[in-house]
Number of protein chains: 2
Amino acid sequence: MDAKTKVQCEARARIIKALGHPSRVHMVEALSRGERCVCELTEMVGADVSTVSKHLSVLKNAGIVKDEKRGSQVFYSLRVPCILDFFGCVEAVLQANAAEHNALMRRLSCAAFGCRTK
Amino acid sequence: MDAKTKVQCEARARIIKALGHPSRVHMVEALSRGERCVCELTEMVGADVSTVSKHLSVLKNAGIVKDEKRGSQVFYSLRVPCILDFFGCVEAVLQANAAEHNALMRRLSCAAFGCRTK
DNA sequence: TGGCCCTTTGGCAATATTGCCAAATGTTTT
DNA sequence: AAAACATTTGGCAATATTGCCAAAGGGCCA
């Protein structure tokens, strides 16, 4: 793998990795519907404020969200709207997984109860 | 966060996380251009075969790729084509990051050399 | 059968991530 | 100024990820 490709893959992976956590997925999804302050996100996620703050800084360092201080609160919002394309494809993978799971279940129950397969 | 949302976010994060590694990004990108055997991917990534095999099993467990054994080789391919939408958005984030980085550099060099800003 | 590929698995040490508490910082209110 | 609130940071233990080596299948061919 040549040096340039390596740097490129690392840059991409860094961004994707930042999205790879349940709480962060949840927060990004909420942010796609509009800005939120840390307190709102904290309430939503149900973890310690400090934990949420650190999650947000991961997203911020990756360039996925931006923050804006207003008074004593900090509001976060998506920096790039297309993040949702992401989730569209994730959904497609999940559906494929579910379909396969169903097929497996069908086969298993055929094996157990002796239904006829081609 | 209610139980259903939690499960949903975990499922999504699991898939995204599987893509969050430089070697895996590289491999998925290659696979988007067609199937590849483990040996090809190994050569491409430049790591130990066992390492590559483990990366592939991460992608497979997430439902991102599928494998097919032919003779003594195993060929991997994408299971869901839209994975590329992913990279499209990642690219957008990278560009936003680069733009911001440039703006920062401009400001810094103004500060250092005293150019005029509005 | 024996030897040679291709691939996966087990094991392990190095490293990174996560989440909480406590404490620090900055802001608004009393 | 003190109290109350919103957020970030430092520290730390628990956990997960990563990558190599060694070893274990399977398949192919002489």
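Chain letters run A, B, ... following the sequence lines, proteins first and then strands; every chain starts at 1. Not measured: the values here are computed from a predicted model.
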**Residue pairs, two or more places apart or on separate chains, that pass ring pair (Phe, Tyr, Trp, His ring centres under 6.0 Å) and touch residues 60-79 of chain B** = none
**Request:** Spell out protein contact along nucleotides 20-30 of chain C as letters: B when the base is contacted, S when just the sugar-phosphate is, - when no protein heavy atom is under 4.0 Å; keep the 5' to 3' order.
**Result:** BBB---SSS--
Tabulate below the donor-acceptor pairs under 3.5 Å that side-chain atoms of residues 50-57 of chain A make, not counting sequence neighbours, or state none.
from: A:Ser50; atom 1: OG; to: A:Asp48; atom 2: OD1; distance (Å): 2.7
from: A:His55; atom 1: ND1; to: A:Arg24; atom 2: NH1; distance (Å): 2.9
from: A:Ser57; atom 1: OG; to: A:Lys54; atom 2: O; distance (Å): 3.1

**Fill in**
B:Ser53 has its side chain closest, among D:dT7, C:dT7, C:dT8, to C:dT8
**5′-ward residue of the pair B:Asp67/A:His55 relative to DNA chain C** = B:Asp67
**Request:** Report the residues that fulfil ring pair (Phe, Tyr, Trp, His ring centres under 6.0 Å) with A:Phe86, sequence neighbours left out, ordered by chain and then residue number.
**Result:** B:Phe86
**Request:** Strictly below 4.0 Å, heavy-atom distances to any atom of DNA chain D: list the hits from residues 5-23 of chain B, or just say none.
**Result:** B:Lys17, B:His21
**Item:** Atom-to-atom span, CD of A:Glu35 to P of D:dA6 - whole angstrom
**Value:** 16 Å
**Message:** Using OP1 and OP2 only, check whether a side-chain N or O of B:Tyr76 sits under 4.0 Å from C:dC6.
**Reply:** no
**Item:** Of all pairs that satisfy salt bridge (charged side-chain N to carboxylate O under 4.0 Å, His left out), the ones with a partner from residues 77-90 of chain A, not counting sequence neighbours
**Value:** A:Arg79-B:Glu100
**Request:** Classify the nucleic acid contact of B:Phe75 as base, sugar-phosphate or nothing, counting any heavy atom under 4.0 Å across all strands shown.
**Result:** nothing
**Request:** Apply side-chain hydrogen bond (donor to acceptor under 3.5 Å, both in side chains) to B:Ser77 and list each qualifying residue two or more places apart in sequence or on a separate chain.
**Result:** none
**Fill in**
Residues passing the side-chain hydrogen bond (donor to acceptor under 3.5 Å, both in side chains) test with B:Gln8, sequence neighbours excluded, are none
**Summary of side-chain hydrogen bond (donor to acceptor under 3.5 Å, both in side chains) pairs that have at least one residue in residues 33-45 of chain B, sequence neighbours excluded** = B:Glu35-B:Arg70
**Message:** What is the separation between atom CG on B:Leu56 and atom C1' on C:dT9, rounded to the nearest whole Å?
**Reply:** 14 Å
